[in-house]
Number of protein chains: 2
Amino acid sequence: MKALSIKDIALKANVSITTVSFIINGKAKEKSISDAVIKKVQQIIIDSGYKPNQIARSLRTGNSNIIGLIIEDISNSFFSRIARLIEDKAYKKGYKIIYSSTENNVEKAQELINLFKSRKVDAYIISPIKGIEEDIQILLNENKPVILFDRNLPELNTNYVGANHFVASYQAVESFIKQGKRNIALVTTDIDVQQIVERYEGYKKAIIDYALPYSEDLVLKIPFNQKEESTAKELKQLFKNKDVDAVLFATNYLAISGLKVLKQIDKKLDENFAVIGYDDHEAFELHTPSISTIQQPLEEIAETIIKLILNQLSSKTKLPDQQIIIPAKLILRN
Amino acid sequence: MKALSIKDIALKANVSITTVSFIINGKAKEKSISDAVIKKVQQIIIDSGYKPNQIARSLRTGNSNIIGLIIEDISNSFFSRIARLIEDKAYKKGYKIIYSSTENNVEKAQELINLFKSRKVDAYIISPIKGIEEDIQILLNENKPVILFDRNLPELNTNYVGANHFVASYQAVESFIKQGKRNIALVTTDIDVQQIVERYEGYKKAIIDYALPYSEDLVLKIPFNQKEESTAKELKQLFKNKDVDAVLFATNYLAISGLKVLKQIDKKLDENFAVIGYDDHEAFELHTPSISTIQQPLEEIAETIIKLILNQLSSKTKLPDQQIIIPAKLILRN
DNA sequence: TTGATTTACTAAAACGATTTACTGTGCCGG
DNA sequence: CCGGCACAGTAAATCGTTTTAGTAAATCAA
């Protein structure tokens with residue numbers, strides 16, 4: 001029950017392998033193969049259900065029509081949604097996506113890059129972490145299109161698509177201030193990537209611009225892979241601080257953890273205490289009361305990423321790098 | 001800047017390609033290569049950073065150390081969570097996972113199977129849909145390990161791992177009845193797959209066993225890809241029916257839609273009106289009040305799938321098919 | 001001492017495609 | 001009638017591995 005090969009087709013059609021290959025790859029006209037032969041071979045291919053072996057093809061040509069997507073964690077809804085959008089859009093253009101999660105683990109990220117490299121993916125879409133700059137640089141040296149998204153690695157010269165986290169976070173804090181909040185906390189993660197830093201800086205700038213006292217005590221940095229219970233403990237402490245009247249969460253999963261803790265300690269969200277989340281999550285809208293959040297335009301981000309990739313892939317020469325910053329939107333609910 | 005090949009290593013080490021290959025594949029001892037040569041070659045490999053070309057390797061051996069995972073929709077948290085678990089577990093055993101979504105589209109599913117086939121994945125994990133039985137049968141004929149999960153296709157003789165949806169759904173309805181509910185609705189989807197049918201049958205059996213009147217009017221079948229607005233309209237109608245005092249949702253996304261509608265029409269969840277969800281979702285626990293749900297044991301399902309796959313892959317002969325049904329748990333909240 | 005076995009290693013085929021460089025014909029212009 | 005060119009197609013090299021079927025030298029048993 002072995003799969004058919006191009007040789008079998010050539011044999012059946014009584015032509016050479018070369019001829020079959022030309023026909024499959026649409027080079028028949030150019031190579032002046034007669035219409036009769038083209039028809040015959042195509043019919044045989046259809047009848048026999050022959051599918052070219054992509055592995056052999058990749059070995060020979062060095063590419064694969066596959067785009068590799070490397071993200072932090074597929075079970076985070078921000079990433080799974082964007083993965084889905086990218087997948088859809090790429091699929092329509094004849095590209096397949098294969099994706100995998102790094103879990104913010106440098107080694108795993110490196111292995112994934114190597115996996116994708118050894119599978120000869122045509123291009124890379126990466127939400128990167130510190131520590132893989134070199135590995136990405138190698139891809140760039142090999143002239144592979146690389147699009148970073150969600151987070152940038154400024155030391156690399158490549159393409160980047162992301163939201164304007166600084167502005168978004170500034171606006172969120174500003175909206176708190178306009179509601180009369182004075183002691184605004186930020187709950188963020190300790191991972192040292194640009195988009196997280198930007199969120200912090202937007203927060204800080206707003207506090208300072210509006211002449212509120214900035215205090216380190218109001219900034220809670222939760223280690224990325226910290227156990228839920230420890231996180232809950234830290235959050236509880238923060239929420240029990242009577243002075244705190246507003247909290248901005250820098251990621252959706254931190255917001256979810258925060259909301260769980262609030263529920264547990266039965267602290268109400270009302271005119272005395274407000275929160276804003278990040279990246280949206282179905283639970284935000286559904287929550288009572290609904291949770292305001294900073295929404296990244298997923299559709300637009302996915303679209304832009306795919307457009308950049310396809311441009312690169314279809315161009316013979318290296319295109320200039322682009323850094324595309326898309327505004328994020330503050331969604332105020334209730 | 002071309003990548004090194006085994007040839008380069010052989011040249012540097014002054015041995016044949018064959019020797020290098022044996023050493024790389026741990027067959028050196030068996031093929032009686034001297035320790036001195038082994039050391040030398042290994043050192044050169046390390047120093048040069050040589051990585052075998054997996055494409056060439058796959059072409060020659062016909063396998064890839066990659067497991068293909070085909071799911072309905074990666075942006076559904078049930079699937080993204082299970083994908084993540086499967087990925088983790090496979091990774092620890094030296095296998096990589098590549099995944100893609102079918103969106104319940106037969107054609108896309110078929111294309112994905114072909115994609116994976118042409119990439120020579122070693123095994124398939126599939127949450128199948130009706131209409132791809134033949135394609136899966138072809139895989140089975142080629143002796144590829146196939147594990148179906150979440151949904152079974154009973155006409156296929158292969159492995160299946162899934163939860164006991166009939167019992168879970170029966171118990172959910174039972175718990176409603178014990179709370180004194182009399183007009184229990186079911187909101188489900190129209191996709192005709194076993195696990196959905198089971199959920200319906202568990203519902204129906206419980207209604208009948210407890211001598212409640214069964215009525216088609218209380219069963220709402222929402223088409224899979226229906227626009228959110230139409231779904232909302234149908235749900236609204238159902239909820240406005242004053243008689244309905246409890247609703248079981250057959251999927252998590254339907255439950256989310258339902259909760260959104262309830263919020264919108266401001267219908268409270270109290271002693272007069274209760275709901276139970278399916279598959280859990282962060283929003284369920286967080287909701288006020290918390291939403292009870294039927295929880296599938298994701299960890300156990302993922303573990304079982306991987307175990308089955310690895311058994312198959314490591315066994316020379318075809319192992320007997322296994323149908324593993326894992327109990328789902330009704331989580332009552334509040 | 002000799003034939004068999006073991007040790008240490010290698011040449012070359014194979015996997016299934018793509019692609020380069022050909023070959024032979026027929027026709028056309030001068 | 002001959003050189004050149006378009007046409008229709010093909011042989012063979014190639015991508016980078018694995019693996020089969022060796023070979024030559026060393027060792028061993030009798």
Side-chain angles (χ1 to χ4, degrees), chain A residues 1-42 44-45 48-66 114 117-120 122 142, chain B residues 1-42 44-45 48-66 114 117-120 122 142:
Chain A
M1 244 321 202
K2 289 219 46 74
L4 291 170
S5 80
I6 195 171
K7 204 171 159 183
D8 301 313
I9 304 299
L11 229 57
K12 271 192 227 214
N14 228 348
V15 297
S16 75
I17 290 178
T18 310
T19 303
V20 177
S21 174
F22 285 154
I23 293 172
I24 291 171
N25 292 290
K27 298 195 180 150
K29 287 280 168 232
E30 171 191 338
K31 299 290 177 175
S32 61
I33 307 293
S34 70
D35 285 350
V37 171
I38 296 181
K39 279 258 163 59
K40 178 171 62 171
V41 171
Q42 281 175 336
I44 292 178
I45 289 177
S48 63
Y50 163 73
K51 289 271 183 326
N53 180 320
Q54 298 298 331
I55 301 257
R57 189 176 257 183
S58 285
L59 177 59
R60 181 61 234 248
T61 63
N63 53 39
S64 60
N65 273 304
I66 290 182
N114 279 328
K117 192 153 61 174
S118 69
R119 294 276 142 202
K120 299 279 182 272
D122 293 349
E142 289 169 356
Chain B
M1 245 321 201
K2 288 221 47 76
L4 290 169
S5 80
I6 196 172
K7 204 169 160 185
D8 301 314
I9 305 298
L11 228 58
K12 271 193 228 215
N14 228 350
V15 297
S16 75
I17 289 179
T18 312
T19 302
V20 177
S21 174
F22 285 154
I23 292 171
I24 290 172
N25 292 290
K27 298 197 180 149
K29 286 279 168 231
E30 172 190 336
K31 297 289 177 176
S32 59
I33 307 294
S34 68
D35 285 350
V37 171
I38 297 181
K39 279 258 163 60
K40 179 173 62 171
V41 171
Q42 281 174 337
I44 292 177
I45 289 177
S48 63
Y50 163 72
K51 290 272 185 320
N53 179 319
Q54 298 298 333
I55 299 258
R57 187 176 260 180
S58 285
L59 177 59
R60 181 60 235 241
T61 62
N63 53 40
S64 59
N65 273 305
I66 291 184
N114 280 328
K117 192 151 63 172
S118 69
R119 294 275 141 202
K120 298 281 181 269
D122 293 349
E142 288 170 358

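So you know, we letter chains A, B, ... as the sequences are listed, proteins then strands, and number each from 1. Note that this is a predicted model, so its numbers are computed, not measured.
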(request) Check whether any side-chain N or O of A/Arg60 sits under 4.0 Å from OP1 or OP2 of D/dT14, and answer yes or no. (result) no
(request) Provide, to the nearest angstrom, the distance between the NZ atom belonging to B/Lys120 and the P atom belonging to D/dT17. (result) 19 Å
(request) Have a look at B/Lys27 and say if it touches a base, only the backbone sugar-phosphate, or nothing, with a 4.0 Å heavy-atom cut-off. (result) sugar-phosphate
(message) Could you tell me how far apart B/Asn53 (CG) and D/dT18 (C1') are, to the nearest whole angstrom?
(response) 13 Å
(request) Report yes if at least one side-chain N or O of A/Thr61 is closer than 4.0 Å to OP1 or OP2 of C/dT18; otherwise report no. (result) no
(request) Look at the side chain of A/Ser21 and the backbone N and O of A/Ile17, then say whether any donor-acceptor pair between them is shorter than 3.5 Å. (result) no
(request) Name the residue closer to the 5' end of DNA chain C, choosing between B/Lys31 and B/Ala56 according to the nucleotide with the nearest heavy atom. (result) B/Lys31
(message) Quick check: closest heavy atoms across B/Ile23 and B/Ile38, and the distance to 0.1 Å?
(response) CD1-CA, 3.8 Å
(request) Take the protein atom CD1 of B/Ile33 and the nucleotide atom C1' of D/dT18, then report the distance between them rounded to whole Å. (result) 14 Å
(request) Could you tell me whether the side chain of B/Ser118 and the main chain of A/Asn53 form a donor-acceptor pair under 3.5 Å? (result) no
(message) How many whole angstroms separate atom CD1 of B/Ile55 from atom P of D/dG16?
(response) 11 Å
(request) Measure the distance from CD on B/Glu30 to C1' on D/dT20 and round it to the nearest whole Å. (result) 13 Å
(message) With a 4.0 Å limit, can you tell me whether B/Ser34 has a side-chain N or O closer than that to the phosphate oxygens OP1/OP2 of C/dT7?
(response) no
(request) Give a yes/no on whether any side-chain N or O of A/Tyr50 is located under 4.0 angstrom from OP1 or OP2 of C/dG16. (result) no
(message) Please find the pair of heavy atoms, one from B/Ser58 and one from A/Ile55, that lie closest to each other, and give the distance.
(response) CB-CD1, 3.7 Å
(request) Assess whether side-chain hydrogen bond (donor to acceptor under 3.5 Å, both in side chains) is satisfied between A/Ser64 and B/Arg119, documenting all intermediate values. (result) CA-CA 10 Å; A/Ser64 60; B/Arg119 294 275 141 202; 5.2 Å; no
(message) At 4.0 Å (heavy atoms only), tell me whether A/Ser21 reaches a base, stays on the sugar-phosphate, or touches nothing.
(response) base
(message) Rounded to whole Å, please give me the gap between CG in B/Leu59 and C1' in D/dT19.
(response) 14 Å
(request) Report the distance from atom NZ of B/Lys29 to atom C1' of C/dA8, rounded to the nearest whole Å. (result) 12 Å
(message) Can you give me the closest heavy-atom contact between B/Asp122 and B/Asn65, atom names plus distance?
(response) OD2-N, 2.7 Å
(message) Using the side-chain heavy atoms of B/Asn25, tell me which of these nucleotides is nearest: D/dT18, D/dT17, D/dG9.
(response) D/dT18
(message) By nearest atom, which of the nucleotides C/dC9, D/dG9, D/dT17 is closest to the B/Thr19 side chain?
(response) C/dC9
(request) To the nearest Å, give me how far apart CZ (B/Phe22) and P (C/dA12) are. (result) 16 Å
(request) With a 4.0 Å heavy-atom cut-off, tell me which residues in residues 5-18 of chain B come close to DNA chain D, sorted by residue number. (result) B/Ser5, B/Ile6, B/Ile17, B/Thr18
(request) Would you name the heavy atoms of B/Ser48 and B/Ile9 that are closest together and state the gap between them? (result) OG-CD1, 3.5 Å
